[in-house]
There are 2 protein chains.
Amino acid sequence: MSDAADVLISHCRQAGQRITAPRRIIADVVARADDHPDVPEIYRRVAEIDPGISLSTVYRTVKIFASTGLVERHSFAGGRARIEPASEIHHDHLIDIESGAVIEFRSDEIERLQALVARELGFELTAHRLVLYGRPLARKARRTRKP
Amino acid sequence: MSDAADVLISHCRQAGQRITAPRRIIADVVARADDHPDVPEIYRRVAEIDPGISLSTVYRTVKIFASTGLVERHSFAGGRARIEPASEIHHDHLIDIESGAVIEFRSDEIERLQALVARELGFELTAHRLVLYGRPLARKARRTRKP
DNA sequence: CTCATTAATGAGAATGGTTCGCAAATGCAT
DNA sequence: ATGCATTTGCGAACCATTCTCATTAATGAG
């Protein structure tokens, strides 16, 4: 049981939610996920630990976690929501269009400009979603192999 | 029949697609839409003109238009794809979290930084999606009513 | 203009993610 | 321990989207 999972369950308790076995397991699976799984995938992982837990419960629990802000629901592609444990530091995503891999990044400069743009439009920026799509550059100057 | 619709159908023809009555109508509805409707909504508008056109056909036709690049499919919120006729000049979107309204904007500065960030990560930026969410600022200096 | 060819359509079924409703099971304060 | 409100599991329901397939229609050749 990771500490991140502990944080999730303790927040649950503070929110007046009951701590149940399914929630512990789902918290653990979500907390240790580093690959932005969608809910069906989380369900698969949860099922490996306890096959009795229903898909509904996974959806419900993920929704609860998301409402505490400790877990984020993104929607990169076709409909399904992809989940990640929220980190203190905000980041955006870059999708490798060849492999589908999700790379996290952060640019304070871009963040700053976003707030600025929003303000110019007469809005207070409350959230944003930035996803870049890119093709890996031919890496001629790589230094992981000898020449 | 707007000229934008004409552009759509002529592109269709050039792509070897047949020009049919349903496609003409759907092209017209999409071309004159300025509010990012989703497909079911486009279907509703199409049905007002010709109730015989099926939802399947609307989906198929929108997909064709999207493949020509003349129409864009965004996914701002829960699952459904929202459609807009593509303009020459790229823009991003700001969502008014109170009204749900979609405001279009453009920031060359942000665009430039995105390409830069991608390159630093070892990618050639091929596309991006930026959506800002904001709350309207209290407009103290409004001048639409007298004091 | 007529035909044959072949793509497009309509209607409905199928899919896949997500939510709902409800009876049965369970956490938790007492 | 016990009662009761919260959760769960299961299946049905939903919604957007895609697929199937028989029927219809657009297009190019003659």
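Bear in mind the structure is a predicted one, so any value in this text is a computation, not a measurement. Chain A is the first sequence line, chain B the second, and so forth, proteins listed ahead of strands; every chain is numbered from 1.
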[X] [atom1] to [N] [atom2], straight-line distance once rounded to whole Å:
X	N	atom1	atom2	result
A:Ile25	D:dG9	CD1	C1'	14 Å
A:Arg23	C:dG27	CZ	C1'	10 Å
A:Ile26	D:dT7	CD1	C1'	11 Å
A:Arg80	D:dT18	CZ	P	11 Å

Identify whether the distance between the nearest side-chain nitrogen and carboxylate oxygen of [X] and [Y] falls below 4.0 Å.
X	Y	value
A:Asp35	A:Arg45	yes
B:Asp28	B:Arg24	no
B:Arg106	B:Asp108	yes

Side-chain heavy-atom pair B:Val71, B:Ile83 within 4.5 angstrom cut-off: yes

If you define the side chain from C-beta out and look only at heavy atoms, does anything of B:Val62 sit under 4.5 Å from B:Ile64? no

Minimum heavy-atom distance between B:Ile42 and B:Pro37, given as atom pair plus value: CG1-CG, 3.8 Å

Just how far is it from atom CG of B:Leu116 to atom CZ of B:Arg119, taken to the nearest 0.5 Å?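 Taking CG in B:Leu116 and CZ in B:Arg119, the distance rounds to 6.5 Å.
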
Below 4.0 angstrom from OP1 or OP2 of C:dT18, is there any side-chain N or O of A:Lys63?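 The answer is no; no side-chain N or O of A:Lys63 sits under 4.0 Å from OP1 or OP2.
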
Short side-chain N/O contact to D:dT17 OP1/OP2 from B:Tyr59, under 4.0 Å: yes

Look at the side chain of B:Arg60 and the base of C:dG10, then say whether one donor and one acceptor between them are separated by less than 3.5 Å.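 Between C:dG10 and B:Arg60, which were checked side chain against base, a qualifying N/O pair under 3.5 Å is present.
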
What N/O pairs connect the protein and nucleotides 28-30 of chain C at under 3.5 Å? Give each pair on its own line.
| residue | atom | partner | partner atom | Å |
| --- | --- | --- | --- | --- |
| C:dC28 | OP1 | A:Ile19 | N | 3.1 |

Looking at DNA chain C, which of residues 40-56 of chain A put a heavy atom within less than 4.0 Å of it?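 Per residue number, the list reads A:Pro40, A:Leu55, A:Ser56.
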
A:Thr57, nearest nucleotide to its side chain (from D:dT17, D:dT8, C:dT9):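 My answer, after comparing the listed nucleotides, is D:dT8.
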
Would you say the ring centers of B:His128 and A:His93 fall short of 6.0 Å from each other?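 For B:His128 and A:His93, the ring centres are not under 6.0 Å apart.
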
Does the side chain to side chain contact (heavy atoms under 4.5 Å, CB included) test come out yes or no for B:Phe105 and A:Leu121, once each step is laid out? CA-CA 8 Å; B:Phe105 72 88; A:Leu121 292 170; 3.7 Å; yes

